[in-house]
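Only this structure's heavy atoms are used, side chains among them; waters, hydrogens and symmetry mates stay out.
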Amino acid sequence: METDALENFLKERKPRILGSEGMVQAAVALPLLEGDGGWQLVFEVRSHRLRRQPGEICFPGGQVEPGEDPAMTAIREMGEELGLPENRIKVLGPLDILVNPWRTIVYPYVCRIDPEPLRPNPDEVEEVFCVPVDYFLRHPPEVHHVHLDVHPEETFPFHRIPGGRNYPWTRGQTPEYFYEYKGKVIWGLTARILKHFLDLTTTGKSR
């Protein structure tokens, strides 16, 4: 490629997350209701009929379909799970994109919904409950850590790297946040996105 062509190619190219084509891409909606007591966040309890994470607490969301914008995925999934028509959903804006160690990219969006009765889909949602945003500001999460170790497969070519089997792999840890509200425990990906939302809207930056 000629120098000018290379320069033009790189200028016009929009950067992506490296390796994203091999990752699962999902979108999540943080539904906000405005009431007399201020903003409330809507949470779901996943149906016990589901194979993945039955009974856990989450925000509405799901996998981005081919050709679909992640914001539209968030609206579609929230509509399907909570029984909301699109004209009752307003996307207020995106949060930071999350890439987790399990090769999943998550696009979270803060959405405002009308304070009308919700009609959860029983195939996906066991229960819906609301929590005042102010509650989370007054009750910070417990923080615990999960340690991440490297375990190469048996056929890994150790002879090709310095140190062989004694190579000093980088080890790390990831924080896990736990919020509790009236006996319900919010943790995992949902708690991580929730904390990011709270940090962003109270301090103007993510901590």
Side-chain angles (χ1 to χ4, degrees), residues 23-35 37-100 102-136 141 176-201 206:
M23 298 182 182
V24 174
Q25 302 199 30
V28 169
L30 279 70
L32 280 172
L33 286 170
E34 190 173 14
W39 290 107
Q40 296 195 10
L41 277 164
V42 180
F43 294 87
E44 299 176 355
V45 178
R46 289 172 61 84
S47 171
H48 289 282
R49 306 176 190 176
L50 297 173
R51 288 182 297 175
R52 290 184 62 253
Q53 300 172 308
E56 294 202 21
I57 293 170
C58 67
F59 290 121
Q63 192 166 332
V64 178
E65 300 293 341
E68 188 175 46
D69 179 86
M72 295 308 299
T73 303
I75 292 173
R76 173 177 57 76
E77 289 287 344
M78 183 157 57
E80 293 174 0
E81 294 175 22
L82 297 182
L84 283 169
E86 289 189 10
N87 60 9
R88 287 180 54 196
I89 301 170
K90 180 180 181 180
V91 176
L92 300 183
L95 297 177
D96 288 350
I97 300 167
L98 173 64
V99 181
N100 72 23
W102 299 275
R103 299 189 60 78
T104 302
I105 302 173
V106 182
Y107 300 87
Y109 292 88
V110 180
C111 299
R112 180 177 181 173
I113 62 176
D114 290 346
E116 297 181 17
L118 302 174
R119 297 175 177 81
N121 178 355
D123 292 331
E124 298 187 64
V125 182
E126 192 83 16
E127 179 188 351
V128 171
F129 65 97
C130 298
V131 183
V133 172
D134 182 62
Y135 172 86
F136 293 117
E176 286 288 352
Y177 304 104
F178 289 80
Y179 294 92
E180 188 165 347
Y181 179 75
K182 294 184 177 180
K184 291 182 167 63
V185 177
I186 301 165
W187 76 291
L189 180 70
T190 302
R192 188 170 179 183
I193 294 173
L194 170 60
K195 185 178 186 303
H196 167 53
F197 166 72
L198 296 170
D199 289 346
L200 196 64
T201 54
S206 178

Next on the checklist: If you count heavy atoms of other groups shown closer than 6.0 angstrom to CZ of R112, is the number above 12?
Outcome noted: no
Next on the checklist: Counting C-beta onward and ignoring hydrogens, is there a side-chain heavy-atom pair between P141 and F178 closer than 4.5 Å?
Outcome noted: no
Next on the checklist: Contact between V131 and Y179 at the side-chain level, heavy atoms closer than 4.5 Å - yes or no?
Outcome noted: no
Item to check | Shortest non-hydrogen contact between Y177 and R192, atoms and distance | outcome: CD1-CA, 4.1 Å
Checklist entry - Atom CD in E81, atom CZ in R76: separation rounded to 0.5 Å? => result 9.5 Å
Item to check | Atom pair CG (L32) and OG1 (T201), whose distance is rounded to the nearest 0.5 Å | outcome: 9.0 Å
Checklist outcome for this item: Between F129 and V45 the two heavy atoms that sit nearest each other are CE2-CG2, 3.9 Å
Next on the checklist: Please give me the minimum heavy-atom distance between E80 and N121, naming the atom from each residue.
Outcome noted: O-CB, 3.5 Å
Checklist entry - In Å, rounded to the nearest 0.5 Å, how long is the span from CD of E126 to CD1 of I57? => result 12.0 Å
Checklist entry - Taking all atoms of both residues into account, what is the closest heavy-atom pair of A27 and A74, and its distance? => result CB-N, 3.9 Å
Item to check | L118 to R88 - nearest heavy-atom pair and separation | outcome: CD2-NH2, 4.2 Å
Checklist entry - Are any of the side-chain heavy atoms of E44 and E124 separated by less than 4.5 Å? => result no
Checklist entry - Restricting to pairs with a member in residues 74-93, which pass ring-ring contact (aromatic ring centres under 6.0 Å, His included), not counting sequence neighbours? => result none
Next on the checklist: Can a donor-acceptor pair be found, under 3.5 Å and without considering hydrogens, that links the side chain of H196 to the backbone of L95?
Outcome noted: no
Next on the checklist: Do C130 and Y181 make a side-chain contact, defined as non-hydrogen atoms from C-beta onward lying under 4.5 Å apart?
Outcome noted: no
Item to check | Qualifying residue for side chain to side chain contact (heavy atoms under 4.5 Å, CB included) with M78, from I89, V28, V91 | outcome: I89
Next on the checklist: Pair L92, K90 - check side chain to side chain contact (heavy atoms under 4.5 Å, CB included), show working.
Outcome noted: CA-CA 6 Å; L92 300 183; K90 180 180 181 180; 4.2 Å; yes
Next on the checklist: I need the E77 CD to E65 CD distance, nearest 0.5 Å.
Outcome noted: 7.5 Å
Checklist entry - Is the shortest heavy-atom distance from the side chain of W187 to the side chain of E56 under 4.5 Å? => result yes
Checklist outcome for this item: CD1 (I193) and CG (L198) are apart, to the nearest 0.5 Å, by 12.0 Å
Next on the checklist: Tell me the closest heavy-atom pair linking T73 and G62, and the distance in Å.
Outcome noted: CG2-O, 3.6 Å
Checklist entry - Can K184 be said to sit on top of F43's aromatic six-ring, NZ or CZ under 6.0 Å from centre and within 45° of the ring axis? => result no
Checklist entry - CG of N87 to CG of D114: how many Å apart, nearest 0.5 Å? => result 7.5 Å
Item to check | Side chain to side chain, P70 and Y109, heavy atoms closer than 4.5 Å | outcome: yes
